[in-house]
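First up is the structure itself, then whatever we jot down about it.
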Amino acid sequence: KNSIKVALIGNPNVGKTSVFNQLTGLNQQVGNYPGITVDKKMGVTKLNETVKAHIIDLPGTYSLNASSIDENVVIELLLNKNDVDFPNVAIVVTEVENLKRNLLLFTQIKDLEIPTLLVINMIDRMKLKGIELDIPKLERELKTKIALVSSRKNIGIDYLKELILNYKNLSTEPCLHASSIDPDYFNKLRKAFPNQLLYKLWLVITQDVNFLNLERNAIQSSFTKTHAELKKLQQKETIKRYQFINDTLKIGQRIDKTKATDIQNKLDRVLTHKFFGYVIFLGILLLIFQS
Ligand code: GDP
Ligand code: MG
């Protein structure tokens, strides 16, 4: 078929809507208004003479551990292969200054074994912040392709389109094997549902989402754990993901701390000057009133 379905996913404020607008030439309102962005926004972009991409801009979400309506929208779409909007490729948008936090969601999406691309947005701020990235190394560690983008300056959008066009070359290998969270438990789960993705089952067990209800009841009743036990396993999952992300960034990211702090220092100096200014000013006032 000559149309590729693309889902744009990412934490709030990483520039998803800006990337969406650059791709589609639309002018959706930029900004994050919690509760209002629940609707999926759609747009079309031409990848070449014959192939188009249908792009969905999904509401901002921090993780797949749903706690809000916004997050449920994302999970329900990604768990339902039968959904008409189920994407051929998921694009996780991150921003260069908050990679560590943003990559948590990336590792979760990747574990759903959907072809996944990584956009690192706001690269116009890299120099200022002293951030250097080794893209080949990051691509290898994260088992993906990366587009460095500045949606503000319209950089990297053509390369991103090229990557979407070639989404079939993307690896669908997960970042974290779910079974490592609790091997015994997950092995039992795997035996009981051999045809299902382990991480997907895990999401169905832990999330309150409307996904194939019957199946969900069967999964949940035979794999019940107490709320406390589930929470503990979820925490373990998060810790494992951050360990993976830390290791990956140690290999592929360098931050020149002096650059970042130079600016901070200047700011601090200005603020302290002002502060002392106020103290002296108040002191003089006090003297005047006392005399
Ligand atoms: P969303 O919440 O992920 O949809 O993010 P938005 O597209 O609403 O953007 C959030 C903020 O980041 C806005 O103030 C944008 O102007 C800004 N922004 C988006 N892309 C870029 C970029 O490439 N560079 C810079 N410096 N800022 C950007
Ligand atoms: Mg948005």
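Basis for what follows: all heavy atoms, side chains included, without hydrogens, waters or symmetry-related copies. For ligands, and for the atoms within them, numbers begin at 1 and follow the listed sequence.
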Handout entry: Check: T17 N/O within less than 3.5 Å of ligand 1 N/O
Key = yes
Exercise for the section: Inspect the surroundings of NZ in K143 and state if more than 12 heavy atoms from other residues, nucleotides or ligands are less than 6.0 Å away. Expected result: yes
Practice task
Examine G15 against ligand 1 and note whether any of their N/O atoms are separated by less than 3.5 Å.
Solution key: yes
Exercise for the section: Assess G60 for proximity to ligand 1: is some non-hydrogen atom of it under 4.0 Å away? Expected result: no
Handout entry: Over 12 non-hydrogen atoms of neighbours within 6.0 angstrom of CG in D184
Key = no
Problem - Where ligand 1 meets S18 - atom numbers and elements under 4.0 angstrom, heavy-atom basis - result: 6 (P), 7 (O), 9 (O), 19 (C), 20 (N)
Handout entry: Between CG on residue L176 and OG1 on residue T238, distance to nearest 0.5 Å
Key = 10.0 Å
Exercise for the section: Would you mind telling me if ligand 1 is within reach of the side chain of R125, the backbone, both or neither, using heavy atoms under 4.0 Å? Expected result: side chain
Handout entry: Partner residues of Y167 under the ring pair (Phe, Tyr, Trp, His ring centres under 6.0 Å) criterion, sequence neighbours left out
Key = none
Problem - Pair D83 + K5: basic N to acidic O under 4.0 Å - result: no
Exercise for the section: Looking only at distances, please establish whether an N/O atom of ligand 1 is found under 3.5 Å from an N/O atom of I123. Expected result: no
Exercise for the section: Flag T17 as yes if one of its N/O/S atoms falls below 2.8 Å of the Mg ion (ligand 2), otherwise no. Expected result: yes
Problem - Option with minimal heavy-atom separation from atom 1 (P) of ligand 1, where the choices are K153, K16, Q22 - result: K16
Problem - Atom indices of ligand 1 within 4.0 angstrom of S150 heavy atoms, with elements - result: 23 (O)
Problem - D124: numbered ligand 1 atoms lying under 4.0 Å from its heavy atoms - result: 22 (C), 23 (O), 24 (N), 25 (C), 26 (N)
Exercise for the section: May I ask you to identify, for N121, whether its side chain, its backbone, both or neither come under 4.0 Å of ligand 1 on a heavy-atom basis? Expected result: side chain
Exercise for the section: Please indicate whether K145 has more than 12 foreign heavy atoms, meaning atoms of other residues, nucleotides or ligands, lying under 6.0 Å from its NZ. Expected result: no
Practice task
Flag yes if more than 12 heavy atoms outside K232 fall under 6.0 Å of its NZ atom; otherwise flag no.
Solution key: no
Exercise for the section: Check the angle between the aromatic planes of F193 and F223 and answer parallel, tilted or perpendicular using the 30° and 60° thresholds. Expected result: tilted
